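Report on one structure; see the data block that follows.
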Amino acid sequence: MALAAVALLVAVSWWQLLTPPEAAEGETPPTAIALGLDLRGGLSVILTAEPLGNTPVTAEQMSRVETILIERVNGFGVSEATVQRQGAESFLIQLPGVSDPEQALEALGSPGRLEFVDLASITDTATLAALVDLPAREAAGENTTLTAGTYEPFMTGEVITRAVVVTDQFGNPAVSVSMSSEGIKTWAGVTTRLAPLRGQIAIVLDGFVKSAPAVQEPILSGDTQITGTFSIDEARRLAAVLESGALPVDLKVEESRVVGPTLGQESLSQGLFAALVGLGLVGVFMAVYYRGLGVIAWAALAVFGSLFLGVLAILSKSGAFALSLPGIAGTVLTIGMAADSTILILERFKEEIRLGKTYRSAAKSGTGHAIGTSLDANIVTFVSALAIYALAIGPVKGFAFTLMVGIAIGVFVMVFFTRSTMIMIAESVIAKAPALFGVKAGDRDA
Amino acid sequence: MGAKWWMLGISGALLAVAILSLAVNGLVFGIEFQGGTLMTFTGKDGLTVEQMRSALGEVGVPEPGNAPIQKAEDGSFIVRTSEPDPEAAAEEFAAIIDVLGLPAQDTNVTTIGPGWGENVTNAALLALAISLVAILGYVSLRFDYKMSLTAVAALVHDVAIVFGIFSIFGREVTPNTMAALLTILGYSLYDTIVVFHRIRENSQGLMRQTFQSMANDSINQVFARSINTSLTSVIPVACLLAFGGSTLKDFAFALLIGLISSTYSSFGVASPLYVLWKEREPKFAALKKKFDSAASS
């Protein structure tokens, strides 16, 4: 019974492993077990929210920030990007395939405070002079900034409802914004007033003047283009930032990891190679030391491996798991632990036979004793892994997770596969060719 | 078990060396614990550490003189700087490739902000403390408190040895090392529990021999399987150390030392301490007296 159930589960595992999720259009098909950023390349950052004023960050602000971050990340056009809460005030953001951390970080963490300023309200004369030849300064790669207190915005980014990338009349990328009805009203009022004077309006993002166009005619629809010298990618990020709105907190970069795609690939193949060689050597050792019984150990390892990978594939499909480098380390350690359980069973079996028991009773009592010991040992290791998983921060979690999955499956295989198999074949196979299995039973049936 | 004083002596000496090195050399902590930037470059023929250092200075990396630079066997360079800003770090990475004329390559830069390291350290210490308490509790419940305390003594021994070896070799302690250590906590108990299980089984109705000689028999009975279970874990971990990339080597090095130390400590530390303690119990002390006098008369 137990063996039939195990066989069914192994079949399900292979079915899961052999049917990877379907590829989105124009993308390389994903692997059955999802890969973490350290293996496929990309940018992974941890951002922590810090209050703008003196009051601590609230839960509502955190969910607002999460929404904003998700919008911005999606706006970057990176597929499979994820935003995850980590702890009370941090976010883990993963951008597969992004290898240009500077721009991504700038756009992610940018406060996103957009302001519209009538040049007449600017009191700082040096800045005013600079704004007049803004295009020249931009061409020279110089930024023009406004200092808080020296100007008065008549409108902020809160009025923006939509931001899309367009091309301006010179064929350069620009961002076109639409406004709420309130914004349209203010915008119409100001542009109507300034149009006859050819007055200038500065469009300021986070203190940096993006452009300072002179108003040519009243704008009554609210649709406005923000131009400047940006690339299409920059324009796309700017649009994402503008549409997601201003962050209610400051975001501090706590951790940033960039791994290029070829490096990730290299780490993956090294890890897999190490795991396979490890598995092979353990198999050889078992065969040499336990002879015929080693075949049972192989079978147990094969069942273990199938179930383990199958569970990871199922978890991957639901988005709950991605294999990271530390995860590979956990997997390799797990191979050793699964072999340990089998060894405990085989050794105890041989010992009971040396005591003069029959094959059948040695298989029964031997596996029973060994499982008791192995359970205790597995439980304490599981407890340590759980402590790491629950408390540790960062990539190490992946190690603890695979270790826990491995321990659970190892115990399952030991109880339902190895034990059942031993009992089943004790009389029918081992008893018929004891020399092949390196044992010689007595007749004590107790 | 007759050799228990030898075993404890060897462990004591190893511990003394480990602690001495920790006191004198201390530990090198990775950027994850103190903040900073880690960059990996694909090198080129003839590039020296000095050239790399002067390039760091040229592109404006903070404190270039103090930045540890490692040249790996495959010619790649691992550079640690105190740069706290990831955007600046990415610019520096590109600038260094430019200055040194390195081949075009993937960016591989990790930056950890100041203050974050403290979080990471605290989390690791908390995980360590909770694991220890949980293990103590579980073993006390399943076995007895004397087993649990001597098992933990063996654990502490293993952890101290791992740290000692890291200190002696000047190897960097990273969060991966910490995870490996926490795993060793659990793993070190594996062998100890196998032995203790057998000692408990054999101590039922113990009459015909002393506690010590029974423990000795128990160890002999489980010796083969303990060595084998350790081997099956050591083999894959050694493969990781041999073939894995740098992250995997990080884990593997700590795991390997821990595994070896823990196999030894279950026989060499936990069992002898437990026997010494148990033989102070009146019941087992009486047995010891009986057999000792029988032997001498």
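These figures come from a predicted structure and were not determined experimentally. Computed over heavy atoms, backbone and side chain alike; hydrogens, waters and symmetry mates excluded. The chains referred to below are lettered A, B, ... by the order of the sequence lines, with proteins before strands, and numbering in each begins at 1.
Per-residue counts of heavy-atom pairs under 4.5 Å with chain B were compared for A:Val282, A:Thr373, A:Leu279; the largest is that of A:Thr373. Comparing A:Leu333, A:Leu276, A:Thr334 by heavy-atom pairs within less than 4.5 Å of chain B, the highest count is held by A:Leu333. For the set B:Val222, B:Leu38, B:Val109, the entry with the most heavy-atom pairs within less than 4.5 Å of chain A is B:Val109.
Taking both residues in full, the closest heavy atoms of A:Ala387 and B:Ser131 are given as CB-OG, 3.3 Å, listed atom of the first, atom of the second, then distance. Residue B:Thr232 comes nearest to A:Ala339 through the heavy atom pair CB-CB, 3.8 Å, listed as atom of the first residue, atom of the second, then distance. Residue B:Gly244 comes nearest to A:Ala274 through the heavy atom pair N-CB, 4.3 Å, listed as atom of the first residue, atom of the second, then distance. Taking both residues in full, the closest heavy atoms of B:Ser233 and A:Asp340 are given as OG-OD2, 3.5 Å, listed atom of the first, atom of the second, then distance. For the pair B:Leu248 and A:Leu325, the tightest heavy-atom approach, listed with the atom from each and the gap, is CD2-O, 3.4 Å. Of all heavy-atom pairs between B:Cys239 and A:Leu281, the closest is SG-CD1, 3.9 Å.
One finds no salt bridge joining A:Glu347 and B:Arg198 here, because no Lys/Arg side-chain nitrogen approaches an Asp/Glu carboxylate oxygen to under 4.0 Å.
With a 4.5 Å cut-off on non-hydrogen atoms, B:Phe143 touches chain A through its side chain but not through its backbone. Proximity to chain A is limited to the side chain of B:Glu201, based on heavy atoms less than 4.5 angstrom apart. Residue contact with chain B, scored on non-hydrogen atoms closer than 4.5 Å, involves the side chain of A:Tyr289 exclusively. Looking at A:Lys350, neither its backbone nor its side chain comes within 4.5 Å of chain B, counting heavy atoms on both sides. Using a 4.5 Å cut-off between heavy atoms, A:Ser90 contacts chain B through its side chain alone, with no backbone atom that close. Neither the backbone nor the side chain of A:Leu346 comes within less than 4.5 Å of any heavy atom in chain B. Heavy atoms of A:Ala329 lying under 4.5 Å from chain B belong to its backbone as well as its side chain. The contact between B:Leu255 and chain A is made entirely by side chain atoms (from C-beta outward), counting heavy-atom distances below 4.5 Å. Contact of A:Ser269 with chain B is not made at all, since no heavy-atom distance falls under 4.5 Å. If you measure heavy-atom distances from A:Leu403 to chain B, the contacts under 4.5 Å come from the side chain alone.
Considering only heavy atoms from C-beta on, A:Arg257 comes within 4.5 Å of B:Ile112 through its side chain. In this structure, the side chains of A:Val253 and B:Thr111 stay at 4.5 Å or more apart for every pair of heavy atoms. Within the 4.5 Å cutoff, the side chain of B:Pro86 has no heavy atoms near those of the A:Val45 side chain. Contact check for A:Phe285 versus B:Leu231: side-chain heavy atoms found under the 4.5 Å cut-off.
Taking CD1 of A:Ile335 as the reference point, atom CD1 of B:Ile235 lies at 11.5 Å (rounded to 0.5 Å). To the nearest 0.5 Å, atoms CD1 (B:Ile130) and CG (A:Leu386) are separated by 9.5 Å. The line from CD1 of B:Ile135 to OG1 of A:Thr381 is 8.0 Å long, rounded to the nearest 0.5 Å. Note that the OG atom of A:Ser384 and the CG atom of B:Leu181 stand 11.0 Å from one another [nearest 0.5 Å]. Distance check, rounded to the nearest 0.5 Å: CZ of A:Arg354 to CD of B:Gln221 gives 9.5 Å. Rounding to the nearest 0.5 Å places OG1 of A:Thr342 at 12.0 Å from CG of B:Asn228.
For B:Arg225, the salt bridge (charged side-chain N to carboxylate O under 4.0 Å, His left out) partners are A:Glu351, not counting sequence neighbours.
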*asked:* Checking B:Phe243 against A:Val277 for the side-chain contact (heavy atoms from CB on, under 4.5 Å) test, could you report, in this order, the C-alpha distance in whole Å, the side-chain angles of both residues, the deciding distance, and whether it holds?
replied: CA-CA 9 Å; B:Phe243 307 118; A:Val277 172; 3.8 Å; yes

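Applying the salt bridge (charged side-chain N to carboxylate O under 4.0 Å, His left out) rule to pairs touching residues 124-144 of chain B yields A:Asp376-B:Arg142, B:Asp144-B:Lys278, sequence neighbours excluded.
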